[in-house]
Amino acid sequence: MKNSLFTLIGIISGLLVWFGLSLVVKSVILPSPLLVLTKIIVLVCQKMIFADIVISLIRVFAGVVLGSVFGLIVGFIWVGIKPISSLFDPWLQLIRPISPFAFLPLLILILGLGNWPVIFIIFLGTLLPMIIIIRDALRNIDKDYLDTAAIFGATGSKRAYYVELPLILPIFLSSLRVFFGVGFILVVGGEMLSTNSGLGFRLMSARYLLDFSELYATIIIIGIIGYSLDMIIRKLIK
């Protein structure tokens with residue numbers, strides 16, 4: 001109850017500060033919370049925002065799920081086959097710090113505008129960190145578990161499925177929650193640059209039209225969806 005009260009106080013305080021700043025600045029760049037709230041109601045009532053929300057969520061789910069599954073598989077292969085680790089580790093360390101958006105011009109040339117460049121950016125932003133997380137999780141498994149599994153004849157794929165996967169599953173699921181948040185960040189950036197739909201595209205449209213109340217409204221809607229998505233995933237993981 002106390003936490004909920006403090007949360008409510010924090011939200012109200014933030015809105016009051018925002019309202020005060022909008023009165024002091026008196027600029028179209030900083031509309032009042034009332035104008036933004038009105039715009040949110042308009043967008044929701046006219047169902048103008050729902051198509052963008054759905055397409056953005058589809059892109060996020062596609063990119064994160066593909067990246068996570070491939071990351072899990074590659075992580076197992078990485079640890080299980082030693083020469084692969086030595087061969088590809090320098091390339092992984094080289095590519096990993098590069099922003100996925102650095103590949104966007106090339107992706108647009110290859111895949112064209114639309115869904116696939118955005119999905120691939122999310123896929124790439126999920127895949128490389130997931131490989132490292134799974135690799136490190138497998139390497140940190142207590143050797144006693146593996147020795148016991150070997151005594152009972154669990155080797156190779158059996159050991160991976162019945163012993164290693166259950167042991168690293170909590171780490172994988174926690175990472176999945178993080179990557180859905182990252183995916184939502186990446187999808188907005190990708191949609192700004194390579195699509196004509198989605199929440200990111202709506203942000204850019206509002207910016208070009210100088211409709212700052214819609215710009216702020218879209219930002220708030222993105223935040224609400226991201227927060228709601230995190231809560232849902234957290235409950236599913238439990």
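Just so you know, these numbers come straight off a predicted model, no measurement behind them. Just so you know, residue 1 is the first one in the sequence shown, and it goes up from there.
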task = Only pairs at least two apart or in different chains count here, so list each ring pair (Phe, Tyr, Trp, His ring centres under 6.0 Å) that has a residue in residues 168-198.
result = F61-F180
query = Taking atom CG of L186 and atom OG1 of T126, what is their separation to the nearest 0.5 Å?
reply = 7.0 Å
message = Do V44 and V42 sit in one hydrophobic cluster, given that two such residues count as connected whenever their side-chain heavy atoms are within less than 4.5 Å of each other, even indirectly?
response = no
inquiry  = Once rounded to the nearest 0.5 Å, what's the spacing between atom OG of S32 and atom CG of L21?
reply    = 12.0 Å
query = Under the criterion side-chain contact (heavy atoms from CB on, under 4.5 Å), which of I133, L127, I168 is the partner of L72?
reply = I168
query = Going by heavy atoms in the side chains, are F103 and I121 under 4.5 Å from each other?
reply = no
ask   = Does any non-hydrogen side-chain atom of N115 lie less than 4.5 Å from one of I55?
value = yes
key: Gap separating the CD1 atom of I108 from the CG atom of L193, nearest 0.5 angstrom   = 7.0 Å
query = How many angstroms lie between atom CD1 of I40 and atom CD of E214, to the nearest 0.5 angstrom?
reply = 11.0 Å
note = For I185, the other hydrophobic cluster members (4.5 Å side-chain criterion, sorted by chain and number) are none
request  = Not counting sequence neighbours, which residues clear side-chain contact (heavy atoms from CB on, under 4.5 Å) with L106? List them please.
outcome  = I110
Flag for R59-S197: side-chain donor and acceptor within less than 3.5 Å = yes
ask   = If you group Ile, Leu, Val, Met, Phe, Trp and Tyr by side-chain heavy-atom gaps below 4.5 Å, do L35 and L203 land in one group?
value = no
request  = Just grab all the salt bridge (Lys or Arg N to Asp or Glu O under 4.0 Å) pairs involving residues 62-74, residues at least two apart or on different chains.
outcome  = none
ask   = Taking only residues two or more places apart in sequence, or in another chain, which ones meet T195 in a side-chain hydrogen bond (donor to acceptor under 3.5 Å, both in side chains)?
value = none
Validation row: I134, W78 side chains within 4.5 angstrom (heavy atoms) = no
message = With rounding to the nearest 0.5 angstrom, report the CD1 to CD1 distance, I53 to I222.
response = 9.0 Å
message = Can you list everything that forms a ring pair (Phe, Tyr, Trp, His ring centres under 6.0 Å) with F70? Sequence neighbours excluded, please.
response = F123
inquiry  = Rounded to the nearest 0.5 Å, what separates atom CD1 in I171 from atom CE in M130?
reply    = 11.0 Å
